[in-house]
Amino acid sequence: MEKIYRIAIDGPSGAGKSTIAKAVAKELDIDYIDTGAMYRAIGYKVWTEKIDPASEAAVKEMLDRTDIDFVGGSILLDGVDVGDKIRTPEMSRMASVCSAIPAVREKLVEIQRGMAARKSVIMDGRDIGTNVLKDAEVKIYLTASAEERADRRFRELQEKGETQTYEEVLEDIRQRDHQDMTRKLNPLQKAEDAVELDTTGMTIDEVVARVKEIAFGK
Ligand code: DC
């Protein structure tokens, strides 16, 4: 049997985690698990069902009848692909709120560990190296300056025809950094044994090559 290996990628919003993880997964022919999409899917359900995120009982009742899975790279919420519903500014906020709820993290972390138990994966998020896959063979902390991350996001939004200004995007990034890094439960932190990779000024191809070097060049 081939040895399985897990690559954990953590870092702040807009550092390029999903673009890089997707490209590396394709090259290595392993599964990519986007844990942010899972928090977004929960946020989407809380929002569509008008559940009060402050009500622990209501959130738990919802979680008990919720199924989250990845099939062929698509995020399925109760069997339905919600990939095109969860990438809005509203769902970014909902995901951030829901990701601070202990019962939500408990359920999603359990699913994430199950997904990585029997096969090689590359998983990205905020707490993969520090919590979900503490024993991952490879851990990378991907970062870039707030200005560069805002610039990348601003360009993406412009291509989609959105009207947010660069200053608004930068402010949003700073707020999300603050929220993700200061929340009580599993905040965004570099794992002690993670390799930090600052991608400011690097192209996607350069980052992918460097990640592969970190993973297999040692
Ligand atoms: O990576 P993203 O922007 O799609 O993540 C959405 C939200 O979920 C973000 O506020 C951080 C949170 N998140 C988390 O707390 N833990 C993870 N492993 C992944 C995402």
Side-chain angles (χ1 to χ4, degrees), residues 6-22 25 31-47 53 59 63 66 68-70 73-77 81-116 121-134 136 139-144 146 149-150 152-154 156-157 160 162 164 169-191 194 199:
R6 279 83 37 87
I7 303 178
I9 303 204
D10 290 299
S13 299
K17 297 184 298 295
S18 59
T19 306
I20 300 305
K22 231 181 263 171
D31 280 7
Y32 162 51
I33 298 165
D34 174 356
T35 64
M38 299 167 81
Y39 288 96
R40 286 171 183 269
I42 294 291
Y44 177 70
K45 187 157 177 174
V46 166
W47 184 75
V59 170
L63 289 171
T66 298
I68 302 248
D69 201 2
F70 277 102
S74 299
I75 177 83
L76 302 189
L77 171 66
D81 184 347
V82 290
D84 59 340
K85 304 274 197 316
I86 59 172
R87 304 274 163 212
T88 63
E90 182 77 53
M91 288 312 124
S92 296
R93 275 189 289 275
M94 288 306 298
S96 187
V97 169
C98 292
S99 69
I101 303 173
V104 171
R105 297 204 77 84
E106 212 173 286
K107 173 159 179 135
L108 294 189
V109 168
E110 192 187 326
I111 297 173
Q112 290 155 11
R113 288 185 177 143
M115 287 173 167
V121 296
I122 182 162
M123 187 180 280
D124 79 354
R126 305 295 189 289
D127 63 335
I128 312 306
T130 54
N131 176 42
V132 182
L133 304 178
K134 265 196 198 135
K139 296 183 186 178
I140 295 174
Y141 189 79
L142 207 67
T143 170
R149 289 184 282 127
R152 292 175 188 168
R153 179 89 3 128
F154 176 62
E156 266 172 32
L157 290 171
K160 282 196 212 162
E162 305 267 349
Q164 268 185 304
V169 177
L170 180 60
E171 182 50 32
D172 204 43
I173 291 247
R174 289 205 165 119
Q175 264 180 25
R176 284 229 274 159
D177 280 359
H178 181 74
Q179 245 167 24
D180 289 344
M181 291 173 183
T182 58
R183 74 160 174 250
K184 275 210 196 96
L185 204 57
N186 304 122
L188 170 63
Q189 268 175 353
K190 177 186 164 301
T199 67

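Along the sequence shown, residues carry numbers from 1. Each ligand, and each atom within it, is numbered from 1 in the order the structure gives.
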shortest atom 8 (O) of ligand 1-to-protein heavy-atom contact is with Tyr39 CB, 3.6 Å
Shortest protein heavy-atom distance from atom 1 (O) of ligand 1, along with the residue and atom involved
Arg126 NH1, 2.9 Å
Any side-chain donor near an acceptor of the partner, Gln179 and Ser96, under 3.5 Å:
yes
Could you tell me which atoms of ligand 1, counted from 1 in the order shown, lie closer than 4.0 angstrom to a heavy atom of Ser99?
12 (C), 15 (O)
Heavy-atom nearest neighbour of atom 20 (C) of ligand 1 within options Gly36, Ala8, Cys98:
Gly36
Below 4.5 Å, heavy atoms only, C-beta onward: do Ser92 and Arg40 meet side chain to side chain?
yes
Would you say Thr35 has any N or O atom under 3.5 Å from an N or O of ligand 1, going by distance alone?
yes
Quick one: do Asp177 and Arg149 make a salt bridge, cutoff under 4.0 Å?
yes
Going by the atom numbers of ligand 1, which of them fall below 4.0 Å from some non-hydrogen atom of Ser96?
10 (O)
Nearest heavy atom to atom 16 (N) of ligand 1 wins, so pick from Arg176, Arg105, Gln179.
Arg105
Out of Val46, Leu108, Ile42, which one pairs with Leu63 under the side chain to side chain contact (heavy atoms under 4.5 Å, CB included) rule?
Ile42
Just need the protein heavy atom nearest to atom 7 (C) of ligand 1, so name the residue and atom and give the distance.
Ala95 CB, 3.7 Å
Taking non-hydrogen atoms only, is Val132 closer than 4.0 angstrom to ligand 1 via side chain, backbone, both or neither?
neither
Indicate yes or no: does an N/O atom of Asp124 lie under 3.5 Å from an N/O atom of ligand 1?
no
Counting only nitrogen or oxygen atoms and a 3.5 angstrom limit, does Arg40 reach ligand 1?
yes
So, regarding Asp127 and ligand 1 (criterion: nitrogen or oxygen to nitrogen or oxygen, under 3.5 Å), is there a contact or not?
yes
Verify the neighbour count for atom CD of Glu90: are there more than 12 heavy atoms of other residues, nucleotides or ligands below 6.0 Å?
yes
Would you say Ile75 and Met38 make side-chain contact, with heavy atoms under 4.5 Å?
yes
Assess the side chains of Arg152 and Thr199: does a donor N or O sit below 3.5 Å from an acceptor N or O?
yes
Have a look at Arg6 and tell me which of Ile122, Leu133, Val132 forms a side chain to side chain contact (heavy atoms under 4.5 Å, CB included) with it.
Leu133
Check: Arg183 N/O within less than 3.5 Å of ligand 1 N/O:
yes
Using a cut-off of 6.0 Å, state whether more than 12 heavy atoms not belonging to Glu110 lie near its atom CD.
no
